[in-house]
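Heads up, the thing below is written out as structure tokens.
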Amino acid sequence: MKMKEGSGWKAWNDEDNERYFGEYGGIQSYSLYELSRQQYEQLDSSMSEGDASEIMYEGRHLYMSVDDRCGPPYTIVFDDDYEKLCPWAKVIKSGRKWSDELTDAAVELFESEKNNREQRRKKRARRIKSNDALKSDNRK
């Protein structure tokens with residue numbers, strides 16, 4: 001595992017699985033992303049959080065927490081596997097976790113979350129199939 005670190009951000013190269021991840025932020029706002037190799041390679045330890053976050057923002061959002069005092073704090077889990085993918089990440093949990101339905105709607109609505117659409121659609125389809133199976137079992 002290789003790590004890059006700058007002011008307010010960290011990124012990892014999971015060499016065994018050829019995957020790349022990055023996190024930035026702190027108490028008021030925290031984000032965790034899956035990155036492409038190219039995005040990871042663009043990151044340099046001399047970069048500020050703002051410069052690094054612009055690169056990470058183009059990746060696939062895995063997790064976000066917000067406690068910015070503009071409303072109640074909240075957490076959004078875009079990929080339930082974030083803990084398995086990034087056990088080293090220092091995630092910050094804020095307030096209530098958004099429901100799967102609200103997260104699905106946000107991913108479909110916001111262009112900034114387009115990298116999550118395929119993963120969320122598959123998850124939603126599995127959830128619906130599972131719920132349908134439960135309903136069918138309950139009718140018997």
Rounded distance [0.5 Å steps], [atom1] in [X] versus [atom2] in [Y]:
X: Leu35; Y: Asn115; atom1: CG; atom2: CG; value: 10.5 Å
X: Glu54; Y: Gln42; atom1: CD; atom2: CD; value: 11.0 Å
X: Arg124; Y: Gln119; atom1: CZ; atom2: CD; value: 10.5 Å
X: Ser36; Y: Arg19; atom1: OG; atom2: CZ; value: 12.5 Å

Residues that Lys129 engages under salt bridge (charged side-chain N to carboxylate O under 4.0 Å, His left out), provided they are two or more places apart: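 Lys129 satisfies salt bridge (charged side-chain N to carboxylate O under 4.0 Å, His left out) with no residue once adjacent residues are dropped.
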
Applying salt bridge (charged side-chain N to carboxylate O under 4.0 Å, His left out), can you list everything that pairs with Glu118, at least two apart in sequence or on another chain?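 Scan of Glu118 (salt bridge (charged side-chain N to carboxylate O under 4.0 Å, His left out), adjacent residues dropped) gives Lys122.
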
Within the structure provided, determine whether His61 and Ser31 are in side-chain contact (heavy-atom separation under 4.5 Å).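 Of all side-chain heavy-atom pairs linking Ser31 with His61, at least one is under 4.5 Å.
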
By side-chain contact (heavy atoms from CB on, under 4.5 Å), which residues pair with [X], not counting sequence neighbours?
X: Glu111; result: Lys114, Arg117
X: Arg37; result: Tyr20, Glu41
X: Leu109; result: none
X: Asp44; result: Ser46, Met47

Under 3.5 Å, side chain of [X] to main-chain N/O of [Y], donor-acceptor pair present?
X: Glu58; Y: Gln39; answer: no
X: Ser130; Y: Arg126; answer: no
X: Lys4; Y: Tyr40; answer: yes
X: Asp67; Y: Ser29; answer: no

The test is side chain to side chain contact (heavy atoms under 4.5 Å, CB included); show your working for Val66 and Gln28 and say whether it passes. CA-CA 6 Å; Val66 177; Gln28 289 187 331; over 6 Å; no

Are [Y] and [X] co-members of a hydrophobic cluster defined by side-chain heavy atoms under 4.5 Å apart?
X: Leu43; Y: Met3; answer: no
X: Tyr63; Y: Leu85; answer: yes
X: Val107; Y: Met64; answer: yes
X: Tyr82; Y: Trp88; answer: yes
X: Val77; Y: Leu32; answer: yes

Does atom CD of Glu101 have more than 12 heavy-atom neighbours from other groups under 6.0 Å away?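 For Glu101, atom CD is crowded (more than 12 foreign heavy atoms under 6.0 Å).
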
Quick one: list whatever passes side chain to side chain donor-acceptor pair (under 3.5 Å) with [X], sequence neighbours left out.
X: Glu23; value: Tyr30
X: Asn17; value: Asp14
X: Asp104; value: Arg120, Arg127
X: Asn116; value: Arg60, Glu113

Take the angle between the ring planes of Tyr33 and Tyr24 and call it parallel below 30°, perpendicular above 60°, tilted in between.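 The rings of Tyr33 and Tyr24 lie parallel, inter-plane angle below 30°.
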
Checking side chain to side chain contact (heavy atoms under 4.5 Å, CB included) for the pair Ile55/Tyr57: CA distance, chi angles, key distance, verdict? CA-CA 5 Å; Ile55 293 169; Tyr57 186 75; over 6 Å; no

Acceptor/donor pairs from residues 91-100 side chains to any protein atom, 3.5 angstrom cut, sequence neighbours excluded:
unit_1, atom_1, unit_2, atom_2, d
Ser99, OG, Leu102, N, 3.1
Asp100, OD1, Lys123, NZ, 3.2

For Trp9 and Met56, which heavy atoms make the closest approach, and how far apart are they?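 In this case the closest contact between Trp9 and Met56 is CE3-CE, 3.8 Å.
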
Specify the closest pair of heavy atoms between Trp12 and Ala89, including all atoms of both residues, with the distance to one decimal.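 What the structure gives for the nearest pair is CH2-CA, 4.3 Å.
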
